[in-house]
2 protein chains.
Amino acid sequence: MTVHSGETTARRGRPGYDRDQVLAVAVQLFNEQGYDATSVADLASRLGLTKSALYHHFSSKEELLAIALETALSGLEAVLDRALAVEAPASDRLTAVISGAVGVLTDELAPVTLLLRLRGNSAVETAALERRRVFDQQVTALVRAAQDEGRIRTDVDAGVATRLIFGMINSVVEWYRPDGRVDPDLLAQDVLRVALDGLHPREQ
Amino acid sequence: MTVHSGETTARRGRPGYDRDQVLAVAVQLFNEQGYDATSVADLASRLGLTKSALYHHFSSKEELLAIALETALSGLEAVLDRALAVEAPASDRLTAVISGAVGVLTDELAPVTLLLRLRGNSAVETAALERRRVFDQQVTALVRAAQDEGRIRTDVDAGVATRLIFGMINSVVEWYRPDGRVDPDLLAQDVLRVALDGLHPREQ
DNA sequence: GTCTATAGAATGATAGAC
DNA sequence: GTCTATCATTCTATAGAC
């Protein structure tokens, strides 16, 4: 794309941002301040760019949101699709979905955080919430199938169980940090332990 | 400062709102739009009042926030204090804290929702977050004590376990509705089942 | 008449548009 | 950079139930 050459700036020789870098900073800022509360001017200021330079990379603020949400949702949906593609008991599929979802969450922490804080204030947001709802329904169906197999207890409603499990998973965005001392793979294991076997010790 | 006691006082003056009604509508609106994004004018408009009428009931917008957060936090802290007051194994205390927290959450849904969405943008908010942090630490200590008793598995870190359990509990604000079809007492029971015994059936 | 809930107008501060 | 809209807040006064 064209370089803005008409402006005299002090950032001579400084490499510009590419699309992905702008997106990453934008999502970070959205998570810090909230999407609505973040103006394009805020983002430009954080990047050290002008607004017009930003619009070289993206056509609108909402496009940044849409791309980030696509990253989060397609990651979660891919986990579910992979689990449903293999021939296996529902309870094994459910295990794969749970640990896979934790993996997406830790790998794509910022986009998933953005997704989980949506309130449905625009068409893009409601569309994303609808995709979450479909995802939830598919997982609920999986829980119900595992109940029919006798591998998931039936004294908890499948819908409630699904919401509780994903409540546990999703809450990880509130405290997990990639540079922290919790390993993402061990975290997925811990979530499986608590969700499936519970905190009480099992006598073997 | 006075704590409302819920008695229906015959209102004097022209028909209008009392302090509790204003507070309830305010917290509702804060949860819909976000605290920062809600102006006093928005609230006045929702109530069908002028802004100055609001200031008869409350000295500031932040006071509304502070009272709501006090309701949520004192409810949670009371649950913990009651659990720690009785002489009982840590694992029984933990059970009481978990089901008690679900009870506070369903009883005081709106204030707790507001608490859980805080980002720490002001002194009032950071103070509330600090009280949450202390609460978390005390629960973590309880989990650790229950581990020492052999009643909680030790292959999951106490801090991680506490965060996962409260992630599950707190996520209830995202979908629980008082007029819905999920009974709050049964919900507390379900949370205990999933958290302590897990979704896998236990052989008796 | 007194108490409570209310309205109207105005202030200073600030964020965003231009 | 200036201008304007909007913000939270305050002061003064009124309207209605007991």
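In the text below, chain A, chain B and the rest are named by the order of the sequence lines, each starting its count at 1. This structure is a prediction, so every number in the text was calculated from the model and none was measured. As a basis for the values below, the full set of heavy atoms in this structure was taken, side chains included, without hydrogen atoms, waters or symmetry mates.
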Does some side-chain heavy atom of F30(A) sit less than 4.5 Å from a side-chain heavy atom of T113(A)? no
Would you say R131(B) and L76(B) make side-chain contact, with heavy atoms under 4.5 Å? no
What contact category does S39(B) fall into here, base, sugar-phosphate, or nothing, at under 4.0 angstrom with non-hydrogen atoms? sugar-phosphate
Answer with base, sugar-phosphate or nothing: what part of the nucleic acid does S60(B) contact at a heavy-atom distance below 4.0 Å? sugar-phosphate
OP1, OP2 of [N] versus side-chain N and O of [X]: anything below 4.0 Å?
X: H57(B); N: dT6(C); value: yes
X: H56(B); N: dA5(C); value: yes
X: Y55(B); N: dT9(D); value: yes

Starting at atom [atom1] of [X], determine the distance to atom [atom2] of [N], rounded to an integer number of angstrom.
X: L43(A); N: dG16(C); atom1: CG; atom2: C1'; result: 16 Å
X: Y17(B); N: dA17(D); atom1: OH; atom2: P; result: 17 Å
X: E62(B); N: dC7(D); atom1: CD; atom2: P; result: 17 Å
X: Y35(B); N: dC7(D); atom1: OH; atom2: C1'; result: 12 Å
X: F58(B); N: dT9(D); atom1: CZ; atom2: C1'; result: 16 Å
X: E63(B); N: dA8(D); atom1: CD; atom2: P; result: 15 Å
X: L49(B); N: dT14(D); atom1: CG; atom2: P; result: 20 Å

Which sits closer to the 5' end of DNA chain C, K51(B) or G48(B), going by the nucleotide each is nearest to? G48(B)
Is there a donor on the side chain of T50(B) or the base of dG8(C) sitting less than 3.5 Å from an acceptor on the other? no
Donor-acceptor contact below 3.5 Å, side chain R93(A) vs main chain A83(A): yes
R153(A) (side chain) donor-acceptor with V194(B) (main chain) under 3.5 angstrom: no
When you check the side-chain N and O atoms of T154(B) and Q147(B), is any donor under 3.5 Å from an acceptor? no
